[in-house]
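Here the structure is laid out as structure tokens; the discussion comes afterwards.
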Amino acid sequence: MSKEITSRKEDYSQWYNDLVIKGGLADYSAVRGCMVIKPFGFALWEKMRDTLDQMFKDTGHENAYFPLFIPKSFLSREAAHVEGFAKECAVVTHYRLKNDPDGGGIIVDPEAKLEEELIVRPTSETIIWNTYKTWIQSYRDLPLLINQWANVVRWEMRTRLFLRTTEFLWQEGHTAHATSDEAIAEARLMLDIYTDFVENYMALPVIRGVKTASERFAGAIDTYCIEALMQDGKALQAGTSHFLGQNFAKAFDVKFSDRQNKLDYVWATSWGVSTRLVGALVMSHGDDDGLILPPRIAPIQVVIIPIYKGDERKDLLDKKGKELAAELKKSGIRVKFDNNDNNRPGWKFAEYEKKGVPLRIALGLRDLDNNTVEIARRDTKEKTSFPEGGIVLRIEKLLLEIQDTMFRKSMQYRDEHITKADSWKEFLNLLDEKGGFILAHWDGTAETEEAIKEKSKATIRCIPFNNPSEEGFCIYSGKPSAERVLFARAY
RNA sequence: CGGGGCGUAGCGUAGCCCGGUCAUCGCGCCUGGUUUGGGACCAGGAGGUCGCAAGUUCGAAUCUUGCCGCCCCGACCA
């Protein structure tokens, strides 16, 4: 059945690629490092986008759109920021092509060189703060709560479908506040929203915390994050939220008058999640037969497949199927009735399993006789026959149950893969043999963090919120430490 | 940019070592029919600059050189 999909055990990376490609989420494109998101994959992203968008709006944010291009000079206004992004920027230098006078097709017109080069945005802080300068004068203009849905480009050395592509889709929120506390509260609020979304919609438990200085966003005072665990024991950053202090306000001279008519720089946050979430979803829930999508964001929650013999009562089956689909749809369930005659039922079963559709209803002649339907769960592979009456309630209940089961399963896996390590040797053994998150003491220095990364490939994913104090000694340097931090090898 | 693998029909592949009816097979696709409770079967059919370019040769998918592209692992990163 899974003949097309490489098993996780055999080759985890290939398994991931197989799920993305063969599950119909995306394709490789003619452009290196860039992918085509196919309709099914985009439907999934749209589900995520629409859900998050509503959450942003419910907390007072508005959408806007800023330019794709950023004048080169803007990027260097904030020192840490340019330092962080300069290495991966695509640059527009010319604005015109012309026919090659030597007959070699079309060439860049050397006459059409831009006076100032434009950067294709790797993120939009600079262009946005340059704009905010003109939008903000008084405390009455604050807080300014803006989000944009956009594409960004980061020229990565090595790309992976959804997880890291040269161009990707995301949302970036950029807010301005009158006080530091308010900005921090905003950054924390957005992390709460991400947590809510990833855990309750994507069924993926996350660990929340703050990044160390070296893992911080370029230009931030603090970076908060949610970290998820994939099935191969590697961590994946699922979302980040930054408290930017007054760094960008100072760089772009954004001041406001407070109630006392005192002039001060505004306080900022930014926060984002990307199409990388699709990759997280694939990697954390999928199995060797394909994708497994959580009902709350599955583009198709229920597929109905008719099974007939010859033309016997085919019309009746068709009618029943359509009625059932309509009934489910009326209750807000995303349903597809697949009566396409080109493929046989067995083929469809396998196909929708590969695509991760949470529930499948098979409707055959036996069911017509008995007034039943057969329902199969994607997550547990259970097949059960149910009486036709009350089927909508049954489906609704099952969808909730699948959502819950998927979250619990991921949670259990995650919890089983948080391990304490008290020595360097133990730390390395755990990384190689078990994987997952490792809680260990660290002396708090960037040098040690770097050395650990160098020698073990593991990074500090975060210092978890509400982290218990615990006296101990750094697993690498042996120096005293007041708390454990969360390590993992990561995507 | 380093290490490994690989480019032959839409996809997956055989052939390459030892040049010469070798362009093979499966899936998919098209037509017709039989089928349909776990990836159906039969019959017929379409589809190829063998990644690109030079070179060696009477003759190159096959040998030589150069280039291009892709995948995996690593360095950079969400």
Side-chain angles (χ1 to χ4, degrees), chain A residues 1-6 10-18 21-22 27-33 35 84-89 122-123 152-172 194 211 214-218 223 225-228 235-242 270-280 289-290 305-314 317 339-354 360-370 372-374 376 381 383 385 453-454 457 459 461 489-491:
Chain A
M1 189 192 298
S2 53
K3 61 189 172 191
E4 297 182 9
I5 296 172
T6 309
E10 193 186 323
D11 185 342
Y12 190 84
S13 296
Q14 194 51 48
W15 166 79
Y16 173 78
N17 285 335
D18 284 353
I21 301 290
K22 291 169 181 168
D27 256 346
Y28 292 108
S29 76
V31 185
R32 183 215 272 281
M35 65 174 177
F85 284 104
K87 295 185 297 289
E88 51 189 26
C89 285
T123 180
V152 286
V153 167
R154 295 181 187 176
W155 217 266
E156 304 287 352
M157 298 185 198
R158 193 177 150 225
T159 57
R160 299 197 64 184
L161 295 165
F162 285 111
L163 297 176
R164 176 165 300 107
T165 45
T166 298
E167 179 191 13
F168 58 95
L169 306 182
W170 77 345
Q171 58 68 216
E172 47 180 327
Y194 289 156
K211 288 286 189 190
S214 66
E215 297 279 330
R216 209 175 272 156
F217 175 77
T223 288
C225 63
I226 51 175
E227 295 284 330
L236 185 136
Q237 179 175 299
T240 52
S241 169
H242 317 291
S270 68
W271 27 274
V273 297
S274 71
T275 37
R276 178 179 235 205
L277 286 178
V278 176
D289 292 327
I305 297 174
I307 301 162
Y308 35 79
K309 290 201 193 302
D311 283 337
E312 187 195 348
R313 290 189 285 176
K314 190 175 166 187
L317 267 180
N339 61 348
N340 184 336
D341 203 24
N342 295 330
N343 297 311
R344 298 167 80 252
W347 188 91
K348 292 178 187 172
F349 290 178
E351 186 64 14
Y352 289 106
E353 273 164 18
K354 201 165 66 186
R360 177 186 73 231
I361 298 178
L363 193 57
L365 296 177
R366 280 208 307 260
D367 298 301
L368 283 188
D369 293 335
N370 305 330
T372 57
V373 296
E374 183 195 75
K381 301 265 169 63
K383 281 201 281 198
S385 228
K453 182 178 174 183
E454 175 94 11
K457 306 292 173 211
T459 50
R461 301 320 300 154
R489 289 188 179 139
Y491 279 98

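Lettering follows sequence order; numbering is per chain, from 1.
Checking B:U35, B:A75, B:A78 against every side-chain atom of A:Asp341, the shortest atom distance belongs to B:U35. Proximity note for A:Met157 (side chain, C-beta onward) versus B:G37, B:A78, B:A75: the nearest is B:A75. The side chain of A:Arg344 lies closest to B:A40, out of B:A40, B:C71, B:G74. Checking B:G37, B:U36, B:G38 against the side-chain heavy atoms of A:Glu374 singles out B:G37 as nearest. With B:G39, B:A78, B:A75 as the candidates, the nucleotide lying closest to the side chain of A:Trp347 is B:G39. Relative to the side chain of A:Lys383, the nucleotides B:G38, B:A78, B:G37 differ in distance, and B:G38 lies closest. The side chain of A:Ala350 sits closest to B:G39 out of B:G39, B:A78, B:C71. Comparing B:C72, B:U36, B:C76 by their nearest atom to the side chain of A:Asn17 picks out B:C72. Here the side chain of A:Tyr28 is nearest to one of B:G74, B:A78, B:C71, namely B:C71.
B:C41 and B:G33 make up a base pair, with Watson-Crick or G-U wobble contacts both under 3.5 Å.
Nucleotides B:A9 and B:C22 place their C1' atoms 16 Å apart, quoted to the nearest Å. The same atom, P, is picked in B:C17 and in B:G10; the two are 26 Å apart, to the nearest Å. Nucleotides B:U24 and B:G47 are separated by 15 Å at their C1' atoms, to the nearest Å. One P atom belongs to B:G15, the other to B:C72, and the distance between them is 25 Å to the nearest Å. B:U65 sits 25 Å from B:A23 when the C1' atoms are compared, rounded to a whole Å. Remark: the separation of the P atoms in B:C16 and B:C63 is 9 Å, to the nearest Å. Spacing between B:G33 and B:G38 at atom C1', rounded to whole Å, works out to 24 Å.
At a cut-off of 3.5 angstrom, counting only N and O atoms as typed in the model, there is a donor on one side and an acceptor on the other between the side-chain of A:Asp367 and the base of B:G37. Not a single donor-acceptor pair, N or O on each side, falls under 3.5 Å between the base of B:G38 and the side chain of A:Lys381. Remark: the A:Arg360 side chain and the B:G38 base include a donor-acceptor N/O pair separated by less than 3.5 Å.
Annotation: of the two residues near RNA chain B, A:Phe85 and A:Thr159, the 5′-most nearest-nucleotide partner is A:Thr159. Sequence order on RNA chain B of the closest nucleotides to A:Ser13 and A:Phe168 puts A:Ser13 first from the 5' end.
Here A:Arg160 does not reach the OP1 or OP2 of B:A78: none of its side-chain N or O atoms lies under 4.0 Å away.
Residues A:Glu374 and A:Arg366 are not paired through a salt bridge, judged by the lack of any N-O separation under 4.0 Å between the basic side chain and the carboxylate.
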>> A:Glu227 vs A:Lys211, test: salt bridge (Lys or Arg N to Asp or Glu O under 4.0 Å). Steps then yes/no.
In response: CA-CA 11 Å; A:Glu227 295 284 330; A:Lys211 288 286 189 190; 2.8 Å; yes
>> A:Arg313 vs A:Leu365, test: side chain to side chain contact (heavy atoms under 4.5 Å, CB included). Steps then yes/no.
In response: CA-CA 8 Å; A:Arg313 290 189 285 176; A:Leu365 296 177; 3.9 Å; yes
>> Apply side chain to side chain contact (heavy atoms under 4.5 Å, CB included) to residues A:Thr159 and A:Tyr28 and explain how you reach the verdict.
In response: CA-CA 11 Å; A:Thr159 57; A:Tyr28 292 108; over 6 Å; no
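Here A:Ile305 lies out of heavy-atom contact (under 4.0 Å) with every strand.
Geometrically, A:Arg276 does not engage A:Phe168 in a cation-pi contact, judged by NZ or CZ lying under 6.0 Å from the ring centre and within 45° of the ring axis.
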